[in-house]
Amino acid sequence: DAGVIQSPRHEVTEMGQEVTLRCKPISGHDYLFWYRQTMMRGLELLIYFNNNVPIDDSGMPEDRFSAKMPNASFSTLKIQPSEPRDSAVYFCASSPRFNWETQYFGPGTRLLVL
Amino acid sequence: SQKIEQNSEALNIQEGKTATLTCNYTNYSPAYLQWYRQDPGRGPVFLLLIRENEKEKRKERLKVTFDTTLKQSLFHITASQPADSATYLCALTMDTGRRALTFGSGTRLQVQP
């Protein structure tokens, strides 16, 4: 298995632009998680899905952030409009149904908003 | 709210020695506690999980202990190698109803040859 795939790996954009991050979870995994990592706040959970349904989005910072999972093999995290304080590394992780605690992380997308 | 404390200072040790990393938490005890490894520019990688009714878990050169009285977990790497150099993150599961991990800020380990 190729593991969790994220794209792009790096994104540089200007304030106010829309940013879309993409994730392909490991095949057969029921759970998908989006995290954000910064030096100041560490690794924070933004939202997670179970069987493509958003279960908990309490970590989403504000309405500028949205996430979707249209099918079991694809998810997006969108920021519109982006701001410099959104600069961070965004990780996607997936886990299987009966062992959800063990999460498999993707390589991350490093986002820089100028 | 729950807080997780890991030593923010880097831990430097000599190759062959045992590295011991600490994870302390406040408030109520988690159902599970995990340790992940993160290398620069990469995502965290799962290492070990220990449940609240377990005192110790081992995997090869790794050992995790879980003391719910002290609200502390210790992570040991025996016979450390330069390849063990990385940041190690502690993660807690607070509520089995919510599939969420809360991560500590991590401790960077540097093993000198």
Side-chain angles (χ1 to χ4, degrees), chain A residues 2-10 21 23-26 29-51 53-60 88-112, chain B residues 1-10 21 23-26 29-54 57 59 62 64 66 73 86-108:
Chain A
V4 175
I5 299 172
Q6 291 187 247
S7 65
R9 292 295 311 277
H10 302 273
L21 311 181
C23 174
K24 176 179 169 54
I26 293 173
H29 280 189
D30 286 0
Y31 290 93
L32 184 139
F33 306 83
W34 281 101
Y35 289 88
R36 178 172 68 176
Q37 187 173 42
T38 61
M39 288 294 292
M40 290 297 295
R41 300 176 66 88
L43 195 59
E44 303 174 287
L45 177 67
L46 300 177
I47 184 171
Y48 77 90
F49 295 81
N50 182 18
N51 291 323
V53 176
I55 302 300
D56 187 333
D57 65 354
S58 59
M60 296 286 260
V89 181
Y90 291 81
F91 289 103
C92 175
S94 69
S95 61
R97 180 190 311 176
F98 298 113
N99 192 21
W100 72 266
E101 309 93 346
T102 301
Q103 299 186 8
Y104 297 81
F105 283 77
T109 295
R110 186 173 296 273
L111 173 65
L112 177 61
Chain B
S1 63
Q2 182 69 270
K3 285 188 178 179
I4 303 169
E5 296 175 352
Q6 293 187 258
N7 193 343
S8 59
E9 293 183 13
L21 286 69
C23 174
N24 295 298
Y25 57 91
T26 60
S29 287
Y32 310 94
L33 188 147
Q34 303 182 57
W35 286 87
Y36 284 74
R37 168 182 173 145
Q38 186 172 24
D39 292 283
R42 310 189 75 162
V45 175
F46 170 78
L47 297 176
L48 280 170
L49 178 150
I50 188 166
R51 290 177 168 78
E52 60 180 336
N53 61 350
E54 298 176 318
K57 184 72 73 74
K59 178 182 176 182
L62 309 180
V64 173
F66 194 6
S73 174
T87 295
Y88 292 86
L89 303 168
C90 166
L92 309 182
T93 305
M94 301 314 304
D95 179 351
T96 55
R98 181 171 182 258
R99 305 291 193 249
L101 293 180
T102 302
F103 281 86
S105 56
T107 297
R108 190 163 66 85

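Quick caveat, the model's predicted, so the values are computed rather than measured. Hydrogens, waters and symmetry mates play no part in the numbers below; they use all other heavy atoms, side chains included. Each chain gets a letter, A, B and so on, in the order its sequence line appears, and its residues count up from 1.
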> Can you tell me if E101(A) uses its side chain to pair, donor with acceptor, with the backbone of L49(B) under 3.5 Å?
Replying inline: no
> Between OH of Y32(B) and OG1 of T102(A), what distance do you get to the nearest 0.5 Å?
Replying inline: 10.0 Å
>> Heavy-atom cut-off 4.5 Å, strictly under: side chain, backbone, both or neither for Q6(A) against chain B?
In response: neither
> Would you say the side-chain atoms of Y104(A) pair up with the backbone N or O of V45(B), donor to acceptor, closer than 3.5 Å?
Replying inline: no
> Which answer fits L43(A), side chain, backbone, both or neither, if we ask what part of it has an atom under 4.5 Å from a heavy atom of chain B?
Replying inline: both
>> Among residues at least two apart in sequence or on other chains, which ones pass salt bridge (Lys or Arg N to Asp or Glu O under 4.0 Å) with R37(B)?
In response: D39(B)
> Taking G108(A), G106(A), P107(A) one by one, which has the highest count of heavy-atom pairs under 4.5 Å against chain B?
Replying inline: P107(A)
>> List the residues meeting salt bridge (Lys or Arg N to Asp or Glu O under 4.0 Å) with E44(A), not counting sequence neighbours, and say none if there are none.
In response: R36(A), R41(A)
> Is the ring centre of F46(B) less than 6.0 Å from the ring centre of F105(A)?
Replying inline: no
> Side chain, backbone, both or neither: which part of S58(A) has an atom under 4.5 Å from a heavy atom of chain B?
Replying inline: side chain
>> How close do T93(B) and W100(A) get, counting heavy atoms only, and between which atoms?
In response: CG2-CH2, 3.4 Å
>> Under 4.5 Å from any heavy atom of chain A, what part of L101(B) do you find: side chain, backbone, both or neither?
In response: both
>> For the CD atom of Q37(A) and the OG atom of S105(B), what is their distance to the nearest 0.5 Å?
In response: 10.0 Å
> Hey, which of Y31(A), F91(A), Y48(A) has the most heavy atom pairs under 4.5 Å with chain B?
Replying inline: Y48(A)
> When you check the side-chain N and O atoms of Q103(A) and Q34(B), is any donor under 3.5 Å from an acceptor?
Replying inline: no
